[in-house]
Amino acid sequence: MKESRIERLKSPGPRNLVGGIAALCVAGVLFAACAVLAGAEVSIVALLSAFLVFGVLWILWALGIPRQPHGLLAAGGVTMAAALLVPLLAGVFRTALETPSSARVQMPVVETTPPPVPARDALPLLTESFPVDAPQTETEPWVEIVESSKIKIKERFYRINKGERFGFRRIDGDDVVFKTRNFLVSLPRSAVQIHYPESDESTAAAPPPVETKAEGPDGEDGKSALEITRAAQATAMERYPALSIKDSRENSAYVGAYLDLKRTNPDFFNDPEWPLQLAEAVAERDGWEREDVQQ
């Protein structure tokens, strides 16, 4: 009588075949899940352990050990040892590849960053770049730098430090002109202080009247040239009272113009009224306002 399909599936051969295929499918799904959750290395170690255990069990079953007295105990111990053998070998290889930090050889550190360079001023110092003659402080006006600054000479900037001294030349508006040996340079009045020698005429609030070279001792109204000069000076200070204040903006500008004229145009002082003429010229140049005029 022909065997039915259900009966064939109940026989050991087909049943084990179907069960084995199903178990392998489940094992594949579990392997993929293990690889995602635990990592590929752990999954491979587990798979190798499974193959090793399977092989050990196959050998034990072929030898008939499980059917012998106390054979299951021996088979279980051998199987457990086989299951732990693969993870043990994986740990040994990992330890060999990853040397502990305490056993590593400390290599010397090579310094790739250049050592710091001491900070220096970016601008060259004027007195180190050009020759500078020390001012004759006992016989001529001189300038003292009271605020470190920078100046431009021939398209380059140079540093000038507080406390340095230079020979005074003149006052040009809001700037004070002074000299090195070969150049005339200038800085704002706020950055310098002008000093006058005590024996020089310029120590007065305004230069004192001097004897002029006017012909004859008296003017048209009978006054001497010196009296005319003094009167002109008094008028100048009456019109511009700041002229009488030493080191004021007006006084410094007036004195600078006076010293400049003494050097470049001494004939200007032949006119006895030169103090007033000089004051008016500087006032027009610098935009002073007369204070004796009623508004």
- Message: My understanding is that only residues two or more places apart in sequence, or in another chain, count here; which of them pass side chain to side chain donor-acceptor pair (under 3.5 Å) with Ser252?
- Response: Arg189
- Message: Are Phe268 and Gln277 packed together at the side-chain level, in the sense that at least one heavy-atom pair is separated by less than 4.5 angstrom?
- Response: yes
- Evaluate the ring-ring contact (aromatic ring centres under 6.0 Å, His included) criterion for residues Tyr258 and Trp274: first the C-alpha distance (whole Å), next the side-chain angles of each, then the deciding distance (0.1 Å), finally the verdict. CA-CA 10 Å; Tyr258 167 76; Trp274 68 262; 5.6 Å; yes
- Item | Pair listing, salt bridge (Lys or Arg N to Asp or Glu O under 4.0 Å) test, anchored in residues 122-137, at least two apart | Asp133-Arg181
- Message: Quick check: closest heavy atoms across Ala191 and Ser149, and the distance to 0.1 Å?
- Response: CB-OG, 3.9 Å
- Under the salt bridge (Lys or Arg N to Asp or Glu O under 4.0 Å) test, which residues partner Glu280, sequence neighbours left out? Arg239
- Item | With sequence neighbours excluded, residues passing salt bridge (Lys or Arg N to Asp or Glu O under 4.0 Å) with Arg263 | Asp260
- Any residue meeting side-chain contact (heavy atoms from CB on, under 4.5 Å) with Thr127, in chain and number order, not counting sequence neighbours: Leu125, Val132, Glu164, Phe166
- Task: Work out which heavy atom in Ala242 is nearest to a heavy atom in Glu250; give both atom names and the distance.
- Result: CB-OE1, 3.3 Å
- Please round to the nearest 0.5 Å and tell me the distance separating atom CD1 of Ile160 and atom CG of Leu126. 5.5 Å
- Min side-chain heavy-atom separation Val176-Leu187 under 4.5 Å: no
- Note on the structure: Heavy-atom closest pair (Leu278 atom, Ala257 atom, distance to 0.1 Å) is CD1-CB, 3.9 Å
- Task: Enter the distance from Ser148:OG to Asn161:CG here, rounded to the nearest 0.5 Å.
- Result: 5.0 Å
- Note on the structure: Residues passing the salt bridge (Lys or Arg N to Asp or Glu O under 4.0 Å) test with Glu155, sequence neighbours excluded, are Lys152
- Item | side-chain contact (heavy atoms from CB on, under 4.5 Å) against Gln193, all qualifying residues, sequence neighbours excluded | Glu144, Val146, His195
- Given side chains that start at C-beta, do those of Leu259 and Leu261 come closer than 4.5 Å, heavy atoms only? no
- Closest heavy-atom pair and its distance - Ala236, Ala279: CB-CB, 3.7 Å
- Partners meeting ring pair (Phe, Tyr, Trp, His ring centres under 6.0 Å) with Phe130 (sequence neighbours left out): Tyr158, Phe183
- Note on the structure: Applying side-chain contact (heavy atoms from CB on, under 4.5 Å) to Lys150 and not counting sequence neighbours gives Leu123, Phe157
- Item | Donor-acceptor under 3.5 Å (Thr229 side chain, Glu273 main chain) | no
- Message: Tell me the closest heavy-atom pair linking Pro124 and Ser129, and the distance in Å.
- Response: CB-OG, 3.7 Å
- Which pair of heavy atoms, one from Tyr240 and one from Arg290, lies closest together, and at what distance? OH-CG, 3.2 Å
- Message: Hydrophobic clustering (ILVMFWY, side-chain heavy atoms < 4.5 Å, transitive) - are Leu276 and Ile228 grouped together?
- Response: no
- Connected to Leu184, directly or through other members, by ILVMFWY side-chain contacts below 4.5 Å are Val177
- Quick one: side-chain contact (heavy atoms from CB on, under 4.5 Å) partners of Ala281, sequence neighbours excluded? none
- Message: According to ring pair (Phe, Tyr, Trp, His ring centres under 6.0 Å), who are the partners of Phe168, at least two apart in sequence or on a separate chain?
- Response: none
